[in-house]
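Structure first, then comments.
Order of listing sets the numbers, starting from 1, for every ligand and every atom in it.
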Amino acid sequence: MSERVLILGGTGEARALAAALVDRDVPVISSLAGRVRNPRLPVGQVRIGGFGGVEGLASWLDDEQISAVVDATHPFAARITAHAVAAARRAGVPLLRLARPAWEPGRDDRWTRVPDVAAAARTVAERGGRVFLTTGRQDVDAFADVADAWFLIRVVDPPVGPLPPRHRILSSRGPYDLAGERKILAENEISLLVTKNSGGELTRAKLVAAAEAGIEVVMVDRPAEPEGSARVDSVDGALAWLQARAGAA
Ligand code: NAP
């Protein structure tokens with residue numbers, strides 16, 4: 001492969017792809033937004049912070065002579081994904097979207113699907129009860145006005161915005177195992193789990209534990225993504241795409 005690859009990261013898949021490319025001696029730069037205080041850094045070269053919108057990213061791709069971009073950002077990081085499509089088009093650089101498959105409900109799952117976090121907050125306000133909120137720090141403020149529920153709020157870094165009146169913060173970083181998730185649900189007498197449909201194995205155990213306990217899940221569906229890039233759902237798929245491009249060059 002004679003590439004110079006930019007990986008838009010912040011996910012386990014992005015780190016795994018960076019490691020695989022470094023192993024193969026492919027020049028790669030991973031980019032992180034800089035949202036969490038102590039991010040898990042990928043191997044290889046890393047840059048941290050926004051690019052300054054579509055324009056900034058397009059010029060950066062030019063300046064750094066990037067030959068391919070892999071957008072391996074989280075399925076809910078909609079803005080950077082849209083920027084990647086527009087900037088790659090502008091800079092004339094091929095773009096691949098790597099996004100893990102969404103979770104699908106099984107027979108024992110009790111999911112209420114909602115289109116966004118605001119709708120999740122409305123559903124929680126209707127249900128009340130004891131809520132395990134796992135949507136991430138940036139989305140907690142959507143629940144700030146929900147007074148009729150108690151929240152266990154799991155976050156990597158403490159939230160900065162307004163919080164619901166009755167809550168406890170649980171600071172921790174995945175992956176989470178089934179035994180631990182069962183314990184959290186039982187000890188906190190959780191009656192409702194709220195999550196985004198992030199997909200992947202690292203945070204799936206909470207869904208299994210909720211299904212076992214017959215707990216309802218408010219599942220926030222993924223935002224729509226723009227057309228304009230090839231798509232794969234695994235690191236192997238991304239490696240094959242890069243390999244095929246290098247072979248064709
Ligand atoms: P976002 O709303 O889609 O993007 C907001 C802005 O942050 C972008 O316009 C861009 O700034 C900057 N940005 C985002 N990802 C970047 C990256 N990988 N490298 C450089 N700049 C980036 O993003 P978000 O939802 O805040 O997520 C931020 C990061 O956290 C993403 O990298 C994502 O993979 C990771 N993450 C997000 C979630 C989630 O639930 N949203 C969960 C886990 C991990 P400029 O316009 O200045 O370029």
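Contacts between Ala14 and ligand 1 below 4.0 angstrom, taking non-hydrogen atoms only, are absent altogether. Contacts with ligand 1 closer than 4.0 Å are made by no heavy atom of Leu57, backbone or side chain. When heavy-atom distances to ligand 1 are checked against a 4.0 Å cut-off, Arg35 comes that close only through its side chain, counted from C-beta outward.
Distance screen at 4.0 Å: atom 41 (N) of ligand 1 has a protein heavy-atom neighbour inside the cut-off.
Between the side chain of Asn197 and the backbone N or O of Arg222, no donor-acceptor pair lies under 3.5 Å. Side-chain atoms of Ser30 do not come within 3.5 Å of backbone N or O of Leu8 as any donor-acceptor pair.
Not a single heavy atom of Gly56 sits less than 4.0 Å from an atom of ligand 1.
Inter-residue side-chain proximity for Glu212 and Leu178 is flagged as met; some heavy-atom pair is nearer than 4.5 Å.
For the residue pair Ser31/Arg47, the side-chain donor-acceptor check at 3.5 Å is satisfied.
For the pair Arg24 and Glu3, the salt-bridge criterion is not met [side-chain N within less than 4.0 Å of a carboxylate O].
Of the polar atoms of Thr11, none of the N or O atoms is found under 3.5 Å from an N or O of ligand 1, judged by distance alone. For a threshold of 3.5 Å applied to N or O pairs, the pair formed by Leu8 and ligand 1 contains no separation below that value. Between Arg79 and ligand 1, a contact under 3.5 Å exists for at least one N or O pair. No N or O atom of Arg47 sits closer than 3.5 Å to an N or O atom of ligand 1. In terms of polar-atom proximity, defined here as any N/O pair under 3.5 Å, Thr135 makes no such contact with ligand 1. For Lys196, a nitrogen or oxygen atom sits less than 3.5 Å from a nitrogen or oxygen atom of ligand 1, counting backbone and side chain alike. Taking any N or O of Ala72, backbone or side chain, none lies under 3.5 Å from an N or O belonging to ligand 1.
Here the CD-CD distance, from Glu225 to Glu227, works out to 10.0 Å after rounding to the nearest 0.5 Å.
The distance from ligand 1 to the heavy atoms of Gly10 drops below 4.0 Å at these ligand atoms: 34 (O), 35 (C), 44 (C).
Ranking the protein heavy atoms by distance from atom 16 (C) of ligand 1 puts Ala33 CB, 3.6 Å first.
The two residues Gly199 and Arg100 come nearest to each other via the heavy atoms O-NH1, 3.2 Å.
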(message) For Leu207 and Leu193: C-alpha separation, side-chain torsions, deciding distance, then whether side chain to side chain contact (heavy atoms under 4.5 Å, CB included) applies.
(response) CA-CA 8 Å; Leu207 299 178; Leu193 165 66; 4.1 Å; yes

